[in-house]
Amino acid sequence: MKNQSSFECIALLLQGGGALGSYQGGVYQALAEAGIEPNWVAGISIGAINAAIIAGNAPENRLDRLRDFWESITLAPPVYLSAFTRNDIAHNLLNRAYANVAMFAGVSGFFKPRMTNPWVNLPGPDATSFYDTTPLKPLLERLIDFDRINSGAMRFSVGAVNVCTGNFTYFDNTTHTIGPEHVMASGGLPPGFPAIEVDNEHYWDGGLVSNTPLDWVLGSKPQQDTLAFQVDLWSAQGELPNTMPKVLMRQKEIQYSSRTRYSTDRFRHIQKLRYAVANILDHLPKELQKLPDVEFVRPEAVRKVYNIVELIYRTQSYEGDSKDYEFSRRSMELHWKAGYFDTIASLKNKRIFKRSDTEIVQTFDAALETENEAQQKVAV
């Protein structure tokens, strides 16, 4: 499969979404089985953790490490509870029960509740979050070879927000020496999780500003012909909610969805401008080539193409607003399988591996294409 791609960069872009992040594990499994290995992996929040596990392990160990992480932070339900997943109502109730366990008891190897409520603590770290994420650091250190990340064998990027300046920052192994604190900073979502100190600055979850590293990868220079697998855990598309739980769930989907189509439409327009500038410069008289304005725009005159494969987790009917902090083993497995089969469906479209001579930015959404095909069949 590798030889079928004519792209300089194969990027895996992983959105934040808490417990939904096992979907990304399934995506990576399908890509690995197809022989597709990214040379750039970037993530936000839980996507940063998955990205670090992928970049911080040899290819033959990545799936085992991903499974190890997700099995370490999820609870395997007793066998007798499997009967509660036979209909949506019972399944929803069981999921809420596991979400309540995470809310009140924390998640082993990930986060634990503060001993006292932050509202009554004296000013300081214990008064700034409901949970303590220090259990995550030894787990990351066990599963991730940070020397491998910093070797540059694969480009690695995670996004976070500077608490004091409000500026969005990317910790990238081309500019930073990456450690567990950089990964944890990308996932420090307030008020649940605390800010993480990195180089005497404090950072929160990158999802506060942007829940996807898409713009970072597309906007980086030098530009390269790029095949990007954009993995979203929140869908921008949804139905009008008719209950309060559905309102809360839809609020999260809108807040944290990456609005990939908007970003790619805007990027497509920018790339067309770059092509136009390159064409104009090719025909510009020699006496005008050295004008300051021409020299200023020359670096933007590039002819690179981008294929973006959108893999978006679709919420199931039994899931509610707690789906991002419901850490049961069964839900983890279901999310993982969804990512796996969505990716297999996407890879059936061989056009995603071809560099187009006419389309500068192409997007592929297997689920949307399947829906369109079904609608066309009904219309016929």
Side-chain angles (χ1 to χ4, degrees), residues 14 16-22 24-25 43-57 61-62 64-77 97-119 121 124-147 149 158-161 163 171 178-199 202-208 233 322-333 335-336:
L14 306 177
L20 300 174
S22 55
Q24 297 167 347
I44 302 288
S45 197
I46 197 67
I49 296 176
N50 285 331
I53 295 172
I54 293 169
N57 283 283
N61 297 326
R62 290 170 184 164
D64 287 342
R65 296 294 185 272
L66 282 169
R67 292 291 306 189
D68 193 341
F69 171 76
W70 283 100
E71 289 178 1
S72 295
I73 65 170
T74 52
L75 292 172
Y98 274 98
N100 286 334
V101 171
M103 182 183 296
F104 293 107
V107 172
S108 178
F110 197 164
F111 59 89
K112 60 183 179 181
R114 298 285 186 191
M115 294 296 293
T116 55
N117 191 298
W119 287 100
N121 283 334
D126 289 351
T128 61
S129 68
F130 290 98
Y131 301 96
D132 176 4
T133 56
T134 54
L136 179 60
K137 186 176 181 180
L139 181 60
L140 296 180
E141 291 174 333
R142 179 172 69 83
L143 296 175
I144 299 167
D145 181 352
F146 286 95
D147 287 337
I149 291 180
V158 292
V161 178
V163 177
F171 301 121
I178 303 298
E181 66 275 11
H182 298 91
V183 180
M184 293 174 67
S186 182
L189 184 64
F193 298 159
I196 302 298
E197 183 175 356
V198 179
D199 297 331
H202 288 81
Y203 294 88
W204 273 333
D205 194 304
L208 292 175
L233 303 179
S322 61
K323 62 182 179 178
D324 54 327
Y325 59 95
E326 191 272 291
F327 287 89
S328 74
R329 184 71 51 80
R330 180 175 177 81
S331 290
M332 182 275 282
E333 295 286 1
H335 296 147
W336 188 291

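Everything numeric here is computed off the predicted structure, so don't read it as measured data.
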ask   = What's the verdict on side chain to side chain contact (heavy atoms under 4.5 Å, CB included) for Ile144 and Phe69, showing C-alpha distance, side-chain angles and the deciding distance?
value = CA-CA 10 Å; Ile144 299 167; Phe69 171 76; over 6 Å; no
ask   = Say you draw a straight line from CD of Glu333 to OG of Ser22; how long is it, rounded to the nearest 0.5 Å?
value = 8.0 Å
inquiry  = In the structure I gave you, are the side-chain heavy atoms of Arg62 and Ile53 within less than 4.5 Å of one another anywhere?
reply    = no
ask   = With distance as the sole test, does Asn50 use its side chain to make a donor-acceptor pair with the main-chain N or O of Leu14 at under 3.5 Å?
value = no
ask   = With under 30° as parallel and over 60° as perpendicular, where do the rings of Phe327 and Trp70 fit, or are they tilted in between?
value = parallel
query = Less than 4.5 Å apart, any side-chain heavy atom of Val198 and any of Met184?
reply = no
key: Nearest heavy-atom neighbours spanning Met103 and Tyr325   = CE-OH, 3.5 Å
inquiry  = Within this structure, what is the CZ-CG distance for the pair Phe111 and Leu136, rounded to the nearest 0.5 Å?
reply    = 10.5 Å
Derivation and outcome, side chain to side chain contact (heavy atoms under 4.5 Å, CB included), residues Leu233 and Gln24 = CA-CA 8 Å; Leu233 303 179; Gln24 297 167 347; 3.6 Å; yes
request  = State the CG-CD1 distance between Leu143 and Ile49, to the nearest 0.5 angstrom.
outcome  = 10.0 Å
request  = Kindly give the heavy-atom pair with the smallest separation between Ser186 and Gly43, and that separation in Å.
outcome  = OG-O, 4.0 Å
inquiry  = I want to check something: taking the side chain as every heavy atom from C-beta on, are Val158 and Ile44 in contact at a cut-off of under 4.5 Å?
reply    = no
message = Looking at every heavy atom in both Ser45 and Asp205, which two are closest together, and how far apart are they?
response = OG-OD2, 2.6 Å
Side chain to side chain contact (heavy atoms under 4.5 Å, CB included) between Thr134 and Lys112, intermediate numbers included = CA-CA 8 Å; Thr134 54; Lys112 60 183 179 181; 4.2 Å; yes
query = Looking at side-chain heavy atoms only, is the closest gap between Ile196 and Trp204 below 4.5 Å?
reply = no
key: Any donor-acceptor N/O pair, Asn61 side chain to Asn57 backbone, under 3.5 Å   = no
ask   = Taking only residues two or more places apart in sequence or in another chain, which ones pass side chain to side chain contact (heavy atoms under 4.5 Å, CB included) with Ala55?
value = Val41, Ile149, Met154, Phe156
Atom of Gly124, atom of Thr128 and distance for their closest heavy-atom approach = O-CG2, 3.4 Å
query = Can you name the residues that form a side chain to side chain contact (heavy atoms under 4.5 Å, CB included) with Asn117, not counting sequence neighbours?
reply = Trp119, Val120, Phe130
note = Rounded to the nearest 0.5 angstrom, the CZ-OG1 distance for Arg330 and Thr74 is 13.0 Å
inquiry  = Could you measure the distance from the CD atom of Glu197 to the CD atom of Glu181? Nearest 0.5 Å is fine.
reply    = 9.5 Å
Under 3.5 Å side-chain donor-acceptor pair for Glu326 and Ser328 = yes
Any side-chain heavy-atom pair of Asp68 and Arg142 under 4.5 Å = yes
message = For a 4.5 angstrom cut-off between non-hydrogen side-chain atoms, does Thr133 reach Pro194?
response = yes
ask   = Short question: side chain of Asn121, backbone of Asp126 - any donor-acceptor pair under 3.5 Å?
value = yes
task = Measure up the Tyr203 and Phe171 rings against each other and bin them: parallel (under 30°), tilted (30 to 60°), perpendicular (over 60°).
result = perpendicular
ask   = Taking all non-hydrogen atoms of both residues, which atom of Arg329 and which atom of Glu71 are closest, and how far apart?
value = NH2-O, 2.9 Å
remark   = CG (Leu20) and NE2 (His335) are apart, to the nearest 0.5 Å, by 5.0 Å
message = If I compare all heavy atoms of Lys323 with all of Ala19, which pair ends up nearest, and what's the gap?
response = O-CB, 3.7 Å
